[in-house]
Protein chains: 2
Amino acid sequence: MIRTLNSYIQTITPLSDNSWKLLQSCITERSYKKAELLLKEGQVCQSIFFIEEGACKSFHNLDGKEINTAFHFENDFVTNIQSLTSQQPASSSIKALEKTTVDILNKNKLLAAYSASHEIESFGRKVLELLLTRQTLHTESFKLLAPKQRFDHLVATQPDLLQRVSLTQVASYLGISRESLSRFRSAR
Amino acid sequence: MIRTLNSYIQTITPLSDNSWKLLQSCITERSYKKAELLLKEGQVCQSIFFIEEGACKSFHNLDGKEINTAFHFENDFVTNIQSLTSQQPASSSIKALEKTTVDILNKNKLLAAYSASHEIESFGRKVLELLLTRQTLHTESFKLLAPKQRFDHLVATQPDLLQRVSLTQVASYLGISRESLSRFRSAR
DNA sequence: CGATAACTGCGTCAAAAATCACAAAATCAG
DNA sequence: CTGATTTTGTGATTTTTGACGCAGTTATCG
């Protein structure tokens, strides 16, 4: 438990024993059943989730339809960055796509850990750099690629995603209708 | 000189005199003429720019056309986060839209300053949180809004941007053709 | 200041994708 | 195992947006 997080951290930046213990004290472990919500629209986000095992999605509710803004798998950090940092109600939700085990980092405890440990704050900065890079690339795919090309690009760069997430779910993530996505797929 | 940056920092997190001096030692000030490049596609990004005065854009070159991915004004930090962190050649460029004065933070010096000063690293983390929030919202506008709505949303939330940037430039930023944008505009 | 370039608007036409409708297939829950 | 629900595939049609062309206006730069 928390083992996955520990090895993930090693790939970013090593932490001293003290810092690792401090970080652990910010964490609660929890499992969610399939379709359970980690964060519900309207709530203020108080946590950062690290996925030990399983998969989640972030989504907006638009006229009763779920528009997916991101998918998250093992070794991903997940949160609603806007709600977390502004402490305003979240405008989107996070839902488990399958049985999912996460490490929950409490926001206030984490902020205290940032202050107490330069190492931990440095880790936080590096994770944010990765998340910003990923988000930037995703935005660019919308500006540089036509819908069909976005799908091809996804197939080329994240083929595994299509194995774990249904086409219906992927469609809104790519900003494409379900039917068009189905046609793109059969045309390959 | 660096005055704008100093007051901007106050709005994020105060720095001790020592940290502020250390941060200053990472900075070179420079002016760019209109249309001059701050970063050219293919180069490895070594800097973070803080705009003291003026305006810039980040853009990709697609079949000879400039696709704008972001606009930046006074008090904005600008960089190519992917190239900066991976030290791979940048796939996009940064260009001054008018005469622009920036503070250039050298990457290696800044990393050293992060290590030497917890305060500065904390500042860096907070800036990244803001940038990630902004980027996330921009991505969401592509998934949740139709082209026409994206334009309306921009008018509502950043009316000033349209005062400083031509419609032609805004079009690719919104992922819309110049002609469609012109039509949306006249239809309001 | 004057020539050149860039920007904007609008019309037509074509292409792409969305929508609607329905059937088949796969998956899930009891 | 089986009925119910979700997912997927496909056709017909409509809507939206893109592409091209051209004219008028505005900005820019030497």
Side-chain angles (χ1 to χ4, degrees), chain A residues 32-36 54-55 57 59 61-68 71 95-100 141-155 159 161-188, chain B residues 31-37 54-57 59-68 71 95-100 141-155 159 161-188:
Chain A
Y32 293 85
K33 286 181 287 191
K34 178 172 181 172
E36 212 176 340
K57 68 172 190 178
F59 67 97
N61 203 301
L62 196 69
D63 308 325
K65 286 178 185 168
E66 296 186 350
I67 309 293
N68 302 315
F71 296 109
K95 181 191 277 187
L97 293 171
E98 47 191 78
K99 181 179 185 314
T100 299
S141 76
F142 280 84
K143 299 194 185 184
L144 300 172
L145 304 176
K148 193 184 297 195
Q149 295 177 302
R150 283 205 291 281
F151 175 67
D152 291 343
H153 184 252
L154 186 73
V155 170
L161 193 152
L162 292 159
Q163 300 305 312
R164 289 182 78 168
V165 179
S166 75
L167 275 197
T168 306
Q169 307 256 19
V170 171
S172 66
Y173 173 71
L174 292 176
I176 304 174
S177 74
R178 183 188 66 74
E179 295 91 331
S180 293
L181 197 58
S182 171
R183 289 190 183 101
F184 294 158
R185 190 198 209 187
S186 59
R188 292 175 54 93
Chain B
S31 281
Y32 293 85
K33 287 182 288 190
K34 179 172 181 169
E36 211 175 341
L37 292 179
C56 305
K57 69 173 189 177
F59 67 97
H60 285 249
N61 204 299
L62 195 68
D63 309 324
K65 288 178 184 168
E66 296 186 350
I67 309 294
N68 302 314
F71 296 109
K95 180 191 278 188
L97 291 172
E98 48 191 78
K99 179 178 186 313
T100 299
S141 76
F142 281 84
K143 301 195 184 185
L144 301 172
L145 304 177
K148 193 184 299 193
Q149 295 177 300
R150 283 205 292 281
F151 176 67
D152 291 343
H153 183 253
L154 185 74
V155 170
L161 194 152
L162 292 158
Q163 301 305 312
R164 289 182 79 168
V165 180
S166 74
L167 278 196
T168 306
Q169 306 255 19
V170 170
S172 66
Y173 173 71
L174 293 175
I176 305 174
S177 73
R178 184 188 67 75
E179 296 91 332
S180 294
L181 197 59
S182 172
R183 288 188 190 105
F184 296 157
R185 192 196 203 190
S186 57
R188 300 185 81 236

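Within every chain, numbering begins at 1; the chains are lettered A, B, ... in the order of the sequence lines, protein sequences first and strands thereafter.
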Per-nucleotide protein contact along nucleotides 6-18 of chain D, 5' to 3', at a 4.0 Å heavy-atom cut-off (B base, S sugar-phosphate only, - neither), is -SBBBBB----SS
For nucleotides 23-30 of chain C, read 5' to 3', which letter fits each nucleotide if B means a protein heavy atom sits under 4.0 Å from the base, S means only the sugar-phosphate is that close, and - means neither? -----S--
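Look at CG on Asn68(B): it is 15 Å from P on dA6(C), rounded to the nearest Å. The nearest whole Å value for the distance from the CD atom in Glu98(B) to the P atom in dC29(D) is 12 Å. Atoms CZ (Phe142(A)) and P (dA17(C)) sit 13 Å apart, rounded to a whole Å. What separates NZ of Lys33(B) from P of dC29(D) is a distance of 11 Å, to the nearest Å. What separates CD of Glu66(B) from P of dA5(C) is a distance of 17 Å, to the nearest Å. As a whole-Å value, the separation of Leu97(B) CG from dA6(C) P is 15 Å.
The backbone N or O of Tyr32(A) lies less than 3.5 Å from no partner atom in the side chain of Thr100(A), so there is not a single donor-acceptor pair. In this structure a side-chain-to-backbone donor-acceptor pair under 3.5 Å is present from Arg150(A) to Leu145(A).
Taking all atoms of both residues into account, the shortest heavy-atom contact from Gln169(B) to Phe71(B) is O-CZ, 3.5 Å.
Val165(B) places none of its side-chain heavy atoms less than 4.5 Å from the side chain of Tyr173(B). Lys143(A) has its side chain out of reach of His60(B): every pair of non-hydrogen atoms, C-beta onward, lies at least 4.5 Å apart. Counting heavy atoms from C-beta outward, Pro147(A) and Phe184(A) have side chains that approach closer than 4.5 Å. Side-chain contact between Val170(B) and Asn68(B) is absent, with no heavy atoms from C-beta onward closer than 4.5 Å.
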As a quick check of understanding, evaluate side chain to side chain contact (heavy atoms under 4.5 Å, CB included) for Arg164(A) and Leu97(A), giving each step before the final call. CA-CA 9 Å; Arg164(A) 289 182 78 168; Leu97(A) 293 171; over 6 Å; no
